[in-house]
Engineer: 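Here it is: the structure, laid out below.
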Amino acid sequence: MNTNLYMTAMNDVKKRMQDGVVQPCTTTYGIAKQKELGFNDIELAYALSAPWAAGIGTTTTALEIAILAMLHFPECVRKVQGEIDAVVGRDRLPTFEDQQSLPYTGGFIKETLRWRNVTPTGIAHSATEDNTYHGMFIPKGTTVYANAAEITLDPTVFPDPHAFKPERFVETTDPRLINHRFGCFGFGRRICPGMHVALQSLYIVISRMLWAFDVLPVVENGVEYIPGADDFTLGLVSRPANLKYRLVPRFEYVKELITMEAERATAEVAAL
Ligand code: HEM
């Protein structure tokens, strides 16, 4: 299935290159250099598309963790919505231009990624040389995991680490928090190359979601159901289990504005 998907995506760009209606991008670059790279079509399609696959499950999981946090910490949601309403108003959706003016919303996203880690054990690395760490000998070739989940709960950096406090990233003079590097994206030279795409995606989706909707618990047999804050699937990417919620429009013309925005975005993509 992946091969079909990746080949279709690449062939679409090839056709648009032939028709002269394409913006230069990684794919146009790769196609132009195919012979020089020595890749056949399938190899090239994978090289161009597969890195994005690493970004889909991870980014949607981060969004699900944000929704879980919204259900558990409605007072933080009200502050995000208050900030968005004051800065953006009611007549348009938030845009990337608003991002710098929405510090609490930014803090909410940072706190989401800190509170519950998308990849709690990080990705396996291999020691490239013999090491001694805190008196423990780690021979070359050892598989090493960084305990990412614990790193983002370190009380010396994040006091009261199990509390959800977006303001810890806003009302601070601590350079470790101001320059917070998001442990959930890994470390060193193999740090996630899609980190900035992920952060921008989360900003635009979360700010627009909370501009438009209240995120509320579902009601089952007359009782509000809130998924457990520690109820997560096991695996490299760890998702909230049994996540259920309701999106309730915050005002009447939400549907109309969102439909208009979807049509505008579709037209923009078609024009590329
Ligand atoms: C919230 C979303 C994301 C999370 C939590 C995340 C997390 C990670 C982590 C932990 C690693 C391993 C880093 C290491 O080895 O130390 C990684 C690697 C990687 N990520 Fe992401 N990622 C996210 C989004 C994305 C996106 C959107 C893309 C692509 C557009 C992407 C592409 C990649 C690739 C290609 C690698 C492998 C890099 C390498 O091995 O050199 N990721 N990511």
Side-chain angles (χ1 to χ4, degrees), residues 2-3 5-6 9-10 12-13 23-30 37 39 43-70 96 99 105-129 131 133 138 140-154 158 164 166 169 179-210 232-241 243 269 272:
N2 279 353
T3 307
L5 178 68
Y6 296 165
M10 185 177 75
D12 178 55
V13 177
Q23 297 278 338
C25 66
T26 323
T27 304
T28 58
Y29 179 86
L37 293 166
F39 288 164
E43 287 166 346
L44 184 64
Y46 267 79
L48 294 171
S49 293
W52 292 91
I56 295 168
T58 44
T59 308
T60 49
T61 297
L63 184 59
E64 287 174 351
I65 296 174
I67 292 170
L68 184 67
M70 290 171 199
F96 287 112
Q99 196 169 7
T105 307
F108 184 93
I109 294 167
K110 287 182 181 174
E111 185 68 342
T112 292
L113 295 171
R114 184 200 71 77
W115 178 62
R116 295 289 182 268
N117 214 300
V118 174
T119 51
T121 58
I123 307 288
H125 284 243
S126 176
T128 52
E129 52 191 58
N131 277 290
Y133 182 75
I138 303 172
K140 179 177 174 177
T142 306
T143 300
V144 182
Y145 284 90
N147 188 345
E150 279 306 305
I151 291 171
T152 55
L153 293 174
D154 178 354
F158 310 104
F164 190 88
F169 292 106
N179 305 317
H180 181 52
R181 293 286 301 170
F182 302 99
C184 69
F185 292 107
F187 322 91
R189 68 194 166 109
R190 300 300 290 272
I191 194 169
C192 173
M195 166 176 167
H196 299 291
V197 176
L199 290 171
Q200 293 304 88
S201 306
L202 290 173
Y203 160 72
I204 206 69
V205 173
I206 289 173
S207 63
R208 289 181 167 204
M209 181 187 258
L210 291 181
F232 274 70
T233 61
L234 297 176
L236 193 62
V237 172
S238 178
R239 312 174 54 178
L243 183 65
V269 170
L272 285 178

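In this text the structure is predicted, and so the values were computed from the model without any measurement. For ligands, and for the atoms within them, numbers begin at 1 and follow the listed sequence. Side chains included, hydrogens not; waters and symmetry mates left out as well; all remaining heavy atoms used.
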Engineer: Under the rule for salt bridge (charged side-chain N to carboxylate O under 4.0 Å, His left out), what residues qualify as partners of Asp12, not counting sequence neighbours?
Structural biologist: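 Listed in chain order: Arg16.
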Engineer: Please, which pairs that meet salt bridge (charged side-chain N to carboxylate O under 4.0 Å, His left out) have at least one residue in residues 194-209, sequence neighbours excluded?
Structural biologist: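 Every salt bridge (charged side-chain N to carboxylate O under 4.0 Å, His left out) pair that includes a residue of residues 194-209, provided the two are not neighbours, is Arg208-Glu261.
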Engineer: Please list, in number order, the atoms of ligand 1 under 4.0 Å from a heavy atom of Ala62.
Structural biologist: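 Reading through ligand 1 atom by atom, the close ones are 1 (C).
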Engineer: Check this for me - ligand 1, Thr119, N or O atoms closer than 3.5 angstrom, yes or no?
Structural biologist: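 No, Thr119 has no N/O under 3.5 Å of an N/O on ligand 1.
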Engineer: Let me see the working for Tyr46 and Asn2 under side-chain contact (heavy atoms from CB on, under 4.5 Å), right down to the final yes or no.
Structural biologist: CA-CA 9 Å; Tyr46 267 79; Asn2 279 353; 3.5 Å; yes
Engineer: Give a yes or no answer on whether the side chain of Arg116 reaches the backbone of Ile65 with a donor-acceptor pair at less than 3.5 Å.
Structural biologist: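 Side chain of Arg116 to backbone of Ile65: no pair is present.
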Engineer: Could you pull out the N/O/S protein atoms under 2.8 Å of atom 21 (Fe) of ligand 1, ignoring any water?
Structural biologist: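 Cys192 SG, with waters left out.
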Engineer: Do the side chains of Lys140 and Glu129 get close enough for a salt bridge, i.e. N-O under 4.0 angstrom?
Structural biologist: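 Not counted as a salt bridge, because no side-chain N and carboxylate O are separated by less than 4.0 Å.
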Engineer: Can you sort out which atoms of ligand 1 are near Cys184, meaning under 4.0 Å from one of its heavy atoms?
Structural biologist: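 Taking each heavy atom of Cys184 in turn, ligand 1 has 5 (C), 7 (C), 10 (C) under 4.0 Å.
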Engineer: Need the ligand 1 atom indices (1-based, order shown) with element for anything under 4.0 Å from a heavy-atom of Thr59.
Structural biologist: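 Here the atoms of ligand 1 in question are 2 (C), 24 (C), 27 (C).
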Engineer: Taking the side chain as every heavy atom from C-beta outward, state whether Leu48 and Tyr6 have any atom pair closer than 4.5 Å.
Structural biologist: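 No, too far: nothing below the 4.5 Å cut-off.
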Engineer: Hey, are the side chains of Phe232 and Leu243 touching, using non-hydrogen atoms and a 4.5 Å cut-off?
Structural biologist: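 Side-chain contact under 4.5 Å: no.
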Engineer: With rounding to the nearest 0.5 Å, note down the distance linking CD in Gln200 to CZ in Phe96.
Structural biologist: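 Spacing of CD (Gln200) from CZ (Phe96) equals 5.5 Å.
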Engineer: Among protein heavy atoms, which lies nearest atom 29 (C) of ligand 1, and at what distance?
Structural biologist: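 Answer, as residue, atom name and distance: Pro51 O, 3.5 Å.
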Engineer: Which residue holds the protein heavy atom closest to atom 11 (C) of ligand 1, what is that atom called, and what is the gap in Å?
Structural biologist: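 For atom 11 (C) of ligand 1, the nearest protein heavy atom comes out as Ile123 CG1, 3.7 Å.
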Engineer: Would you compute the distance between atom CD of Glu64 and atom OG of Ser238 and round it to the nearest 0.5 angstrom?
Structural biologist: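 That separation rounds to 10.5 Å.
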Engineer: So is His125 close enough to ligand 1, meaning a heavy atom under 4.0 angstrom away?
Structural biologist: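 For ligand 1, residue contact (heavy atoms, under 4.0 Å) with His125 is present.
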Engineer: Among protein heavy atoms, which sits nearest to atom 41 (O) of ligand 1, and what does the distance come to when rounded to 0.1 Å?
Structural biologist: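 Nearest neighbour among protein heavy atoms for atom 41 (O) of ligand 1, to 0.1 Å: Arg190 NE, 2.6 Å.
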Engineer: Run the numbers for me: atoms of ligand 1, each under 4.0 Å from some heavy atom of Phe187, listed by number.
Structural biologist: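 Listed by number with element: 16 (O).
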Engineer: Please list, chain by chain and in numerical order, all residues satisfying ring pair (Phe, Tyr, Trp, His ring centres under 6.0 Å) with Phe164, sequence neighbours excluded.
Structural biologist: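 Phe73, Phe108, Trp115.
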